[in-house]
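Following: one structure in structure tokens, then a few remarks.
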2 protein chains.
Amino acid sequence: MANEHEPAKPHRITISTVAAALGVAVSTVSNAYNRPDQLSADLRERVLAMAAELGYPGPNPVARSLRQQRAGAVGVLFAERLPYAFRDPAALMVLEGIASTLEQAKLGLLLVPGRDDDTTTVQQALVDGFIVYSMMDTDPLVEAALKRRLPTVLLDQPPRPDVPSIIVDDEAGARMATEHLLSLGHRHFAIITDRLIETHVRPSHAPINVQTQSEATFFVTQLRLQGYRQPLEQAGIAWSDVPIYDCNDNNEADGAAAIQILLARTPRPTAILCLTDRLALGAIAGAQQAGYNVPEQLSIVGFDDIPQATRITPALTTIRQDHRQKGLSAGQALIELLAGQSPTGYQRLAVELVVRDSTAAI
Amino acid sequence: MANEHEPAKPHRITISTVAAALGVAVSTVSNAYNRPDQLSADLRERVLAMAAELGYPGPNPVARSLRQQRAGAVGVLFAERLPYAFRDPAALMVLEGIASTLEQAKLGLLLVPGRDDDTTTVQQALVDGFIVYSMMDTDPLVEAALKRRLPTVLLDQPPRPDVPSIIVDDEAGARMATEHLLSLGHRHFAIITDRLIETHVRPSHAPINVQTQSEATFFVTQLRLQGYRQPLEQAGIAWSDVPIYDCNDNNEADGAAAIQILLARTPRPTAILCLTDRLALGAIAGAQQAGYNVPEQLSIVGFDDIPQATRITPALTTIRQDHRQKGLSAGQALIELLAGQSPTGYQRLAVELVVRDSTAAI
DNA sequence: CTATACTTCTGAATCGTTACAGAAAAACGT
DNA sequence: ACGTTTTTCTGTAACGATTCAGAAGTATAG
């Protein structure tokens with residue numbers, strides 16, 4: 001019985017405390033927990049009983065993780081600050097999809113906090129891999145995550161070589177939205193976006209012009225703007241004539257504020273392209289409040305097809321994408337990576353125009 | 001220069017790979033990352049450069065965690081299966097509150113998956129503490145979490161000695177709801193709940209009787225039923241005369257189904273007490289679809305005051321609780337525990353009756 | 001009774017860091 | 001020039017498990 005007579009350490013009970021108390025090898029205690037077939041049922045009982053008596057909380061997961069080289073969780077990096085993740089309906093559906101696959105694989109889902117300037121949380125996240133979802137292109141957290149050299153999947157991010165990406169055909173969706181409005185005869189367009197330019201850089205709340213658009217910091221924002229632009233120019237509408245209002249945030253209130261400004265312009269736009277449904281819902285509400293009739297006087301189209309899109313009157317015409325599937329695909333791809341397989345290439349998910357009641361012929 | 005000439009291990013680059021390549025001590029490399037003041041700027045640069053060249057991903061967080069005895073994340077155990085967490089509006093607000101405090105403390109939020117039968121995910125979660133939220137009283141995952149002997153906070157759980165609890169005055173809320181309906185002159189009540197009895201045990205979809213209620217498996221369910229019961233009996237209404245319909249799940253569809261059954265009973269209830277707003281919203285929709293007028297023919301009151309409660313017509317009379325604050329309090333309490341302080345006792349959050357348009361005098 | 005095969009248990013190496021005491025070198029004051 | 005302080009760097013002991021080769025001990029077969 002290896003019995004040290006030290007001044008009684010504070011009280012951290014480990015596997016070897018239990019082993020010592022019983023006079024058995026630590027490996028035996030370990031086996032009692034992990035390989036019942038490696039020791040007699042009798043001894044195993046005694047080990048477990050002694051563990052209970054000593055208040056041993058079971059094998060320390062961190063030590064186990066170190067030894068086994070697996071954390072049993074994947075980290076999710078999301079653009080918004082952590083709490084906002086729980087507010088955005090589209091993001092929630094994506095997270096739900098991710099969570100579904102992870103749950104089946106018995107993996108935990110670690111939401112990693114962290115404002116760009118501080119990457120330590122990413123560097124120290126106890127995970128086996130990352131899903132990077134809708135981060136600003138320039139966000140240092142993305143770099144930090146990639147530097148970890150863990151299996152990683154990009155979602156709504158600019159693709160990179162050697163990193164599997166799930167991408168959505170945002171550009172096609174934006175084109176479909178625009179063509180729909182054009183086919184209804186609209187000629188005066190305006191666009192509502194968010195976070196096209198970082199808040200502290202943006203000069204004012206006025207619609208911004210075409211020059212500054214190149215600084216777009218979200219990949220999908222760029223894709224969607226691109227998709228709006230092409231059919232417009234093809235229809236002979238100068239891109240520089242299309243006012244773009246840049247909101248601080250993706251929410252209904254900002255959308256409502258944006259529409260007020262845009263409606264005051266001359267010529268008054270009759271067709272509004274919103275980069276997200278939340279902005280569009282806000283725009284509808286704002287327009288109605290200002291006394292405009294949607295869609296008679298003003299057509300509005302969103303992007304995302306969140307559940308709320310059908311609950312507003314008029315129901316929102318929008319571009320549908322399968323958010324849940326995005327999450328599922330991302331989770332699945334990551335799980336394949338973790339299993340050492342190379343995932344099924346990078347996936348491109350289709351979108352679909354859903355015409356409802358917020359758009360009409362001019 | 002300690003130079004082993006082995007057959008070149010696969011390729012796992014660690015701190016000592018870098019140290020060896022540079023001919024310095026491992027502690028120096030460690031210091032380069034964690035204590036810049038402990039070595040010359042020059043050497044530090046060289047270390048970092050070599051690390052970059054070798055593709056060293058930085059200090060392994062698991063090893064660091066083992067050494068430092070901290071994981072930098074807290075685990076959240078939630079009743080629903082992982083993906084459902086992202087669907088329940090009330091749960092989302094709670095999670096948002098939790099996430100807010102954790103983010104400030106730079107802690108990650110680990111959503112732990114796991115169906116009762118398998119507790120390994122809880123046992124192996126790489127966390128510094130747990131928040132146990134709205135789990136079935138008998139769920140083995142709760143036991144498993146407590147057995148970890150980590151700082152833990154209970155939220156919407158039956159309190160236990162030595163474990164801080166945040167609890168909401170559900171019983172008072174339920175009383176207020178009932179008294180409100182009584183004061184409107186109602187005498188024929190019915191209750192819609194969910195998961196009062198585990199699905200596989202429950203015999204049928206018919207309203208269940210009073211005997212089986214003792215098996216209630218969610219703490220808040222018990223509290224709320226208790227709160228309904230007392231004023232009813234005080235008003236001379238026999239508890240056994242109040243039909244209770246038990247849904248499989250907390251969602252609108254189940255609420256809508258429940259109301260159909262209840263309205264078919266004689267005497268037809270004129271006042272419905274719903275354990276959650278989601279059930280209530282479903283009940284309103286279901287009643288309307290069956291041709292009943294709410295609140296003229298039927299008063300319905302919910303519980304939770306989720307945002308959707310105001311968006312339905314008629315707007316839902318309900319009991320408001322501050323979900324976000326629940327999350328904040330829980331997070332705060334856990335953070336205090338982690339800091340070695342004993343948190344500000346256990347908290348009891350108040351609730352409030354919000355009368356809207358779904359209730360009226362009979 | 002011996003050779004062979006199982007069971008059951010042990011010891012030491014390993015996972016990749018950080019912390020700490022102290023050695024070596026450089027800077028300083030007088 | 002010499003003791004003293006400061007700066008820079010090193011070696012090694014934790015952290016708490018798992019793994020694996022093998023030592024005892026037992027059972028099985030011939």
Side-chain angles (χ1 to χ4, degrees), chain A residues 1-2 4 6 9-20 22-47 51 54 56-72 120 123-126 128 148-150, chain B residues 1-2 4 6 9-20 22-47 51 54 56-72 120 123-126 128 148-150:
Chain A
M1 205 187 286
E4 295 116 31
E6 292 182 39
K9 294 183 187 160
H11 50 282
R12 168 150 286 135
I13 297 134
T14 75
I15 203 174
S16 58
T17 317
V18 178
L22 235 52
V24 301
V26 291
S27 46
T28 300
V29 178
S30 175
N31 284 334
Y33 280 93
N34 308 308
R35 312 210 172 158
D37 57 315
Q38 293 292 301
L39 74 175
S40 64
D42 171 55
L43 179 53
R44 185 173 127 94
E45 294 254 320
R46 275 162 49 220
V47 169
L54 294 175
Y56 174 59
N60 180 317
V62 176
R64 179 199 297 242
S65 274
L66 174 58
R67 180 62 231 240
Q68 310 201 120
Q69 304 281 48
R70 99 178 267 283
T120 58
Q123 291 162 220
Q124 307 192 3
L126 269 27
D128 294 317
R148 288 279 302 269
R149 305 200 167 220
L150 295 174
Chain B
M1 203 186 287
E4 293 118 32
E6 291 182 39
K9 294 184 187 158
H11 50 282
R12 167 151 285 136
I13 298 135
T14 76
I15 204 176
S16 59
T17 316
V18 178
L22 235 53
V24 301
V26 290
S27 45
T28 300
V29 178
S30 175
N31 285 335
Y33 280 93
N34 309 309
R35 312 214 172 155
D37 57 314
Q38 292 292 300
L39 73 175
S40 64
D42 171 54
L43 179 54
R44 184 173 128 94
E45 295 253 321
R46 276 163 47 222
V47 169
L54 294 175
Y56 175 59
N60 180 317
V62 176
R64 180 200 297 245
S65 274
L66 175 59
R67 180 64 232 239
Q68 312 203 112
Q69 304 282 47
R70 100 178 267 283
T120 58
Q123 291 163 219
Q124 307 195 1
L126 269 26
D128 295 317
R148 288 279 302 268
R149 305 201 169 219
L150 295 174

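The sequence lines fix the lettering, A, B, ..., with proteins before strands; numbering per chain opens at 1.
Residue Leu66(B) is classed as a base contact, given a heavy-atom separation below 4.0 Å to a base. Residue contacts for Val24(A): at a heavy-atom cut-off of 4.0 Å it reaches the sugar-phosphate backbone alone, with no base atom in range. Across all strands shown, Thr14(B) has heavy atoms under 4.0 Å from sugar-phosphate atoms exclusively, and none from any base.
Side-chain atoms of Ser65(A) and Leu126(A), non-hydrogen and from C-beta on, never get closer than 4.5 Å to each other.
Residue Ser40(B) has a polar side-chain atom (N or O) positioned under 4.0 Å from OP1 or OP2 of dC9(D). At the phosphate of dA17(D), neither OP1 nor OP2 sits under 4.0 Å from any side-chain N or O atom of Ser30(A). Using a 4.0 Å cut-off, some side-chain N or O of Gln68(A) falls inside it from OP1 or OP2 of dT19(D). Distances shorter than 4.0 Å separate some side-chain N or O of Thr28(A) from OP1 or OP2 on dT10(C). At dA19(C), one or more side-chain N or O atoms of Arg35(B) fall inside 4.0 Å of OP1 or OP2 (strictly under the cut-off). Considering only side-chain N and O atoms, Tyr56(B) lies under 4.0 angstrom from the phosphate OP1 or OP2 of dT17(C). The phosphate of dG16(C) has OP1 or OP2 within less than 4.0 Å of a side-chain N or O from Gln69(A). Applying the 4.0 Å criterion to OP1 and OP2 of dT17(C), one finds that Asn60(B) has every side-chain N and O outside that range. Checking the phosphate oxygens (OP1, OP2) of dG16(C), no side-chain nitrogen or oxygen of Arg64(B) falls inside 4.0 Å.
A donor N or O paired with an acceptor N or O is not found under 3.5 Å between the base of dT17(C) and the side-chain atoms of Arg67(B).
Put simply, CD on Glu45(A) is 14 Å from P on dT8(C), counting in whole angstrom units.
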Before giving the answer on side chain to side chain contact (heavy atoms under 4.5 Å, CB included), spell out for Asn60(A) and Thr14(A) the whole-Å C-alpha distance, their side-chain angles and the decisive distance to 0.1 Å.
-> CA-CA 8 Å; Asn60(A) 180 317; Thr14(A) 75; over 6 Å; no
